[in-house]
Amino acid sequence: MAKSDDCIHILQGLLVFGNVVIGMCGIALTAECIYFVSNPHGLYPLLRATENGDINAAAWIGIFVGLALFALSILGIIGVIKASRTLLLVYIILMLITFAFEMASCITAATHRDSLTPEHFQKQMLDRYQKSDPANNNDSEVTKAWDELMLQNHCCGVKGPSDWQEYQSAFRLTHSDADYPWPRTCCVLDAQGLPASLDGCKLGVSGYYNSNGCYDAISGPVNTHAWGVAWFGFAILCWTFCVLLGTMFYWSGIEY
Amino acid sequence: QLDYRPALTTEPALGGVRTTSTFVVDQPRCVFQDYGNAVIWLVVALEQAASTFNNSQGPGTPETAFQGFPEPVRAYMTLNATLGSYPCPKPDGEIAVLRVGSETSCTGDVTRPTCNGPLPTPGPYRVKFLALEGSEPVAETRWSTPITLITAKPLSSISTAGRGHSADMIAITTILSILLAILLAGLVAMLFFWGSDSCGGSSTFSKPESVTVRRYNTHHVYDQPAARL
């Protein structure tokens, strides 16, 4: 009897430890998702205007899942110590629901990250940047977002200024190629916001125009965001899986 | 005829050396040194019309007007300059180029037949420099190699089919699905065996109730008063 008592105590100890870790991870997940939602890199207007906001949705789900994990971990600790069948059953069912939500969030983040290829951005940028007849508000938002992105990161286009040459675009319909081989925002601007050398910019002299593409500036933060939500969530879920299995085992062993 | 062949600018590397309606060639520095009195013109011709170009056709005539290019005018003359505009030798650090197609204000203005307007088709084109004294051609360079401009592709040609799903996403989805399935199976097993104590039978344990031991005084033990005696 003493031996099985020890086993029970060890199992209880492990479960309490597991729940403590889940609680802390829940807080960490909430903090991380709040950081992403607060849009530190200013990319959210661009993503939202081009209907790519699902990565943000995954972060929002992450916030609530994190809080739920924290609350449920406390419930779990109480249930394990009191060895109450009801409490633990409630705990297990609510944890499964949270597991499902977090799983949805991870998969959403990972899937939408995959769809943000350079070609995807190219098509949207060329189609909507400086569209002269904005059918909806989104087009002017796209233009503003791209202008800000190009100014802040000193970049031009998605893969480079050649995007504007190689493909037809809404921009090209209103701006002649000879005067605007690429938008003025691609030029190196002086303090007043005017091109330092308009001829240099039009010719493409390095130093007077931004020759690198903006894709790196976009994909870096988006990757961090998506993988942060997806992989951290995945790790938490693996740990939760073990704790839940242990809890189920413990539950079935409680005398009722 | 001079031995110089005009060419697209390679030094310095220019991002806009060829666009959809303009191209950039080097200025003919140190080429027309012997012709200090001449006016140097740039002749832009369709590739097929290069061999049939007549040097005596004057600039600014309807036969060489930019506004008639490419039909019926098959070659036009523009960008006139005197030798003073092309000093020799070229100072270091100076970018000595000519951008063909940079003037957009005179494309339809027939009073400006020597307009350096944007090229209407992708080409291919050949260019050469021609020095005229008065209306008399005195020197010319060779024709350049054919220059073809960029053609803008339609947006539908950008394939957003994507590279499919990355390995990461597939791993996350499959593993999480398996874990969730196991947990659900565990939950079902747990509830199914609620009534019976089969699985956990050997390790059942009782709740840690607070055990109180009541003291039973079976024998009332009093302090015997000494009064018995």
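All chains are named by letter (A, B, ...) in the order of the sequence lines, taking the proteins before the strands, and each is independently numbered beginning at 1.
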Checklist entry - Top residue by heavy-atom pair count (under 4.5 Å) with chain A, among B/Thr22, B/Ile170, B/Ile150, B/Leu155? => result B/Leu155
Item to check | Value rounded to 0.5 Å, distance of CG in B/Leu191 from CE in A/Met248 | outcome: 8.5 Å
Checklist outcome for this item: Rounded to the nearest 0.5 Å, the CZ atom of B/Arg99 sits from the CG atom of A/Asp199 at a distance of 8.0 Å
Checklist entry - A/Pro161 versus chain B, heavy atoms under 4.5 Å apart: side chain, backbone, both or neither? => result neither
Item to check | chain A interface, residue from B/Leu179, B/Thr173, B/Val17, B/Ile175 that has the most non-hydrogen pairs under 4.5 Å | outcome: B/Leu179
Checklist outcome for this item: With chain B, the option among A/Tyr209, A/Tyr167, A/Phe99 that has the most non-hydrogen atom pairs under 4.5 Å is A/Tyr167
Item to check | Separation between OG of B/Ser157 and CD of A/Glu119, rounded to the nearest 0.5 Å | outcome: 11.0 Å
Checklist entry - Is chain A contacted by the side chain of B/Leu183, its backbone, both, or neither, given a heavy-atom distance below 4.5 Å? => result both
Item to check | Non-hydrogen atoms of A/Gln165 and B/Thr20 that approach each other most closely | outcome: OE1-N, 2.9 Å
Next on the checklist: Which atoms of B/Ile95 are under 4.5 Å from chain A, going by heavy atoms: the side chain, the backbone, both sets, or neither?
Outcome noted: side chain
Checklist entry - With only heavy atoms counted, which part of B/Val97 is less than 4.5 Å from chain A, the side chain, the backbone, both or neither? => result side chain
Checklist entry - What distance do B/Ser156 atom OG and A/Gln168 atom CD have between them, rounded to the nearest 0.5 Å? => result 8.0 Å
Next on the checklist: With heavy-atom distances below 4.5 Å as the criterion, would you say the side chains of B/Leu176 and A/Glu102 are in contact?
Outcome noted: no
Next on the checklist: I want to check something: taking the side chain as every heavy atom from C-beta on, are A/Trp164 and B/Thr19 in contact at a cut-off of under 4.5 Å?
Outcome noted: no
Checklist entry - CD1/B/Ile158 to CZ/A/Phe121 distance, rounded to the nearest 0.5 angstrom? => result 13.0 Å
Next on the checklist: Keeping A/Glu166 on the side-chain end and B/Lys153 on the backbone end, is there a donor-acceptor pair under 3.5 Å?
Outcome noted: no
Checklist entry - For B/Tyr4, does the OH atom sit with more than 12 other heavy atoms under 6.0 Å from it, leaving out its own atoms? => result yes
Checklist entry - For the candidates B/Ile182, B/Val24, B/Thr151, B/Leu119, which exhibits the highest count of non-hydrogen atom pairs separated by less than 4.5 Å from chain A? => result B/Ile182
Item to check | Side chain proximity check, A/Leu203 to B/Thr9, heavy atoms < 4.5 angstrom | outcome: no
Checklist entry - Are more than 12 heavy atoms from other residues, nucleotides or ligands located less than 6.0 Å from atom CZ of A/Phe232? => result yes
Item to check | Under 4.5 Å from any heavy atom of chain B - which part of A/Cys201 | outcome: neither
Checklist entry - Measuring heavy-atom distances to chain B, does A/Ser211 have an atom under 4.5 Å in its side chain, in its backbone, in both, or in neither? => result neither
Next on the checklist: Give me the atom names and distance for the closest heavy-atom approach of B/Ser21 to A/Ala178.
Outcome noted: OG-N, 3.7 Å
Checklist entry - If you take all heavy atoms of B/Ile172 and A/Ala110, which pair is closest and at what distance? => result CD1-CB, 4.4 Å
Next on the checklist: Can you tell me which portion of B/Pro12 sits under 4.5 Å from chain A's heavy atoms? Options are side chain, backbone, both or neither.
Outcome noted: neither
